[in-house]
Trainee: 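Questions regarding the structure given below will be posed in turn.
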2 protein chains.
Amino acid sequence: MPTIEIIGLIAATCTTVAFVPQVYKALRHKSTADISLTMYMVLFIGLILWLVYGIYHQSLAIILANAVTGILVILMLFLKIRHK
Amino acid sequence: MPTIEIIGLIAATCTTVAFVPQVYKALRHKSTADISLTMYMVLFIGLILWLVYGIYHQSLAIILANAVTGILVILMLFLKIRHK
């Protein structure tokens, strides 16, 4: 695999797993007052559209990265609404 | 422009501007206790790598989206460190 595609995969992994410590923090502290609900709602719309884009272009990297981030964002939305 | 590329542009716009309300909230409330520092650090590394990927592939959309998100993430890192 060309180096630049490995860089792309690492980039996608970073921008996806980045949300794990945020979900963990919200779960542990049961507090999301400083978290913007609007951010996670707009992000969710964007991720759905990226999924559509990835499915059309049959890009497994785009589909996988956005599906996983989407699940983490749904978790944050759930925690935000629960602990607001 | 094909519809799917317009969807891609709207997707990129959403996942970029999503951070604006979060920066605004952190600026207004001067509180970032619930925000994960690790999330924004890992996100920043990912965005830098996406920039490298975009520059290599000469993709203006990838470069622009990640540069703007990068600036917003730097702002969040600054606010997180300042108001922790």
Trainee: Please determine whether residues A:I63 and A:I45 belong to a single hydrophobic cluster, defined as Ile, Leu, Val, Met, Phe, Trp and Tyr linked transitively by side-chain heavy-atom distances below 4.5 Å.
Mentor: no
Trainee: Going hydrophobic residue to hydrophobic residue with side-chain gaps under 4.5 angstrom, can you get from B:M1 over to B:L60?
Mentor: no
Trainee: Which atoms form the tightest heavy-atom contact between B:P21 and A:M39, and what is the distance?
Mentor: CG-N, 3.8 Å
Trainee: Do you know the tightest heavy-atom contact between A:A11 and B:G46?
Mentor: CB-O, 3.6 Å
Trainee: Chain B heavy atoms under 4.5 Å from A:T38: which part of the residue, side chain, backbone, both or neither?
Mentor: both
Trainee: Would you mind telling me which of B:V20, B:V42, B:I62, B:D34 has the largest number of heavy-atom pairs within less than 4.5 Å of chain A?
Mentor: B:D34
Trainee: State plainly whether one hydrophobic cluster holds both A:I48 and A:M41, where clusters connect Ile, Leu, Val, Met, Phe, Trp and Tyr through side-chain heavy atoms under 4.5 angstrom apart.
Mentor: yes
Trainee: Does A:Y53 offer a backbone N or O that forms a donor-acceptor pair with the side chain of B:E5 under 3.5 Å?
Mentor: no
Trainee: Does any backbone or side-chain atom of A:K30 lie under 4.5 Å from a heavy atom of chain B? Answer side chain, backbone, both or neither.
Mentor: neither
Trainee: Please look at A:A33 and chain B and tell me whether the side chain, the backbone, both or neither of the residue comes under 4.5 angstrom of a heavy atom of that chain.
Mentor: both
Trainee: With a 4.5 angstrom heavy-atom cut-off, which part of A:Y24 approaches chain B: side chain, backbone, both or neither?
Mentor: neither
Trainee: Of the backbone (N, CA, C, O) and the side chain (C-beta and beyond), which part of B:S31 lies under 4.5 Å from a heavy atom of chain A, both, or neither?
Mentor: both
Trainee: Which heavy atom of A:V52 sits nearest a heavy atom of B:I4, and at what distance?
Mentor: O-CD1, 4.0 Å
Trainee: If you tally heavy-atom pairs under 4.5 Å against chain B, which of A:N66, A:T16, A:I7, A:I35 wins?
Mentor: A:I35
Trainee: If you measure from OG1 on A:T15 to CG on B:L49, what distance do you get to the nearest 0.5 Å?
Mentor: 9.0 Å
Trainee: In this structure, would B:L43 and B:I81 fall into the same cluster of hydrophobic residues linked by side-chain contacts under 4.5 Å?
Mentor: yes
Trainee: Does one hydrophobic cluster hold both B:M76 and A:V73, with members joined at side-chain heavy-atom distances below 4.5 Å?
Mentor: yes
